[in-house]
Amino acid sequence: QVQLVESGGGSVQSGGSLRLSCAASEDTDRFYCMGWFRQVPGKEREMVAVYARAGWTTYADSVKGRFIITRDSAKNTLFLQMNRLKPEDTAIYYCSAAPPRAHGCVATINYQYWGQGTQVTVSS
């Protein structure tokens with residue numbers, strides 16, 4: 001069973017920064033891809049950023065230019081650096097991973113393993 005644990009969430013003012021971490025229980029190189037997703041009550045889960053083992057990344061338009069996704073293979077850890085945060089970024093952020101035989105990295109249907117989430121709150 002794969003375990004993913006997020007950390008680094010908190011409360012910041014608009015324009016501030018946070019760095020989220022996702023610690024995996026196994027070598028992250030085994031995953032087809034990993035990603036960060038976010039969700040607010042009553043809303044659908046939203047893809048924020050995706051990282052594939054070849055180094056390919058993609059971002060939601062709403063965070064492009066502000067967020068950066070990286071991975072530290074030696075520590076089995078995925079990161080999300082969030083800069084110039086806005087109140088609209090307030091959500092629970094989830095780390096997720098797609099298994100080795102997944103067929104894609106962007107659609108949520110490809111992701112099998114999920115963390116418990118970490119709360120990010122951005123005030124005006």
Side-chain angles (χ1 to χ4, degrees):
Q1 183 178 0
V2 175
Q3 301 289 333
L4 302 172
V5 181
E6 303 97 335
S7 62
S11 299
V12 298
Q13 292 186 351
S14 180
S17 298
L18 285 173
R19 189 191 192 199
L20 306 184
S21 299
C22 171
S25 61
E26 63 181 67
D27 190 350
T28 54
D29 288 334
R30 288 185 52 82
F31 302 132
Y32 189 74
C33 45
M34 299 184 71
W36 288 97
F37 300 78
R38 66 188 183 188
Q39 188 169 24
V40 299
K43 302 293 184 180
E44 295 182 355
R45 185 177 299 162
E46 175 188 15
M47 187 277 289
V48 177
V50 167
Y51 185 99
R53 62 175 179 263
W56 177 84
T57 61
T58 191
Y59 299 87
D61 288 341
S62 59
V63 307
K64 194 172 298 182
R66 299 188 296 120
F67 291 10
I68 302 173
I69 186 170
T70 57
R71 189 187 70 177
D72 186 337
S73 297
K75 296 183 177 181
N76 296 335
T77 304
L78 185 74
F79 301 96
L80 183 67
Q81 178 66 46
M82 305 185 293
N83 300 315
R84 290 153 44 213
L85 284 161
K86 304 175 180 180
E88 302 93 284
D89 296 318
T90 296
I92 299 176
Y93 284 71
Y94 297 92
C95 174
S96 189
R101 296 183 179 181
H103 299 293
C105 293
V106 177
T108 57
I109 192 173
N110 294 293
Y111 293 84
Q112 181 176 351
Y113 312 110
W114 296 86
Q116 294 181 334
T118 184
Q119 177 70 47
V120 172
T121 302
V122 185
S123 62
S124 300

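Being a predicted model, the structure only gives us computed values, none of them experimental. Nothing fancy with the numbering, it's 1 onward along the sequence.
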Next item on the list: Not counting sequence neighbours, which residues clear salt bridge (charged side-chain N to carboxylate O under 4.0 Å, His left out) with K64? List them please.
Entry: D61
Checklist line | Any donor-acceptor pair under 3.5 Å from S25 side chain to Q3 backbone | finding: yes
Margin query: Is it the case that the side chain of T118 and the backbone of S7 share a donor-acceptor pair, with hydrogens and angles ignored and the cut-off at 3.5 Å?
Written below: no
Notebook entry, point to check: E46: what forms a salt bridge (charged side-chain N to carboxylate O under 4.0 Å, His left out) with it, not counting sequence neighbours?
Noted result: R38
Item checked: Pairing residues for R45 by the salt bridge (charged side-chain N to carboxylate O under 4.0 Å, His left out) criterion, not counting sequence neighbours -> none
Check: With sequence neighbours excluded, what pairs up with R66 under the salt bridge (charged side-chain N to carboxylate O under 4.0 Å, His left out) test?
Finding: D89
Margin query: Using modelled atom types and a 3.5 Å cut-off, is there a donor and acceptor pairing between side-chain atoms of T90 and backbone atoms of E88?
Written below: no
Item checked: Sequence neighbours excluded, every pair satisfying ring-ring contact (aromatic ring centres under 6.0 Å, His included) that has a member inside residues 96-124 -> F37-Y111, F37-W114
Notebook entry, point to check: Going by the disulfide (SG to SG under 2.5 Å) test, which pairs reach into residues 46-86, not counting sequence neighbours?
Noted result: none
Notebook entry, point to check: On the ring face of F79, is R19 found with NZ or CZ under 6.0 Å from the centre and within 45° of the axis?
Noted result: yes
Next item on the list: Only counting residues at least two apart or in another chain, list the ones meeting side-chain hydrogen bond (donor to acceptor under 3.5 Å, both in side chains) with R84.
Entry: none
Item checked: Listed once per pair and sorted, the disulfide (SG to SG under 2.5 Å) pairs that draw on residues 93-124, sequence neighbours left out -> C22-C95, C33-C105
Next item on the list: Please identify each residue that fulfils side-chain hydrogen bond (donor to acceptor under 3.5 Å, both in side chains) with R30, with sequence neighbours left out.
Entry: E26
Note to self: Applying ring-ring contact (aromatic ring centres under 6.0 Å, His included) as the test, list every pair that has at least one member in residues 43-72; sequence neighbours left out.
What the structure shows: none
Item checked: For Q81, all residues meeting side-chain hydrogen bond (donor to acceptor under 3.5 Å, both in side chains), sequence neighbours excluded -> N83
Check: Does I109 sit in a hydrophobic cluster with other residues, and if so which ones, taking ILVMFWY side chains as linked at heavy-atom separations under 4.5 Å, directly or through other members?
Finding: none
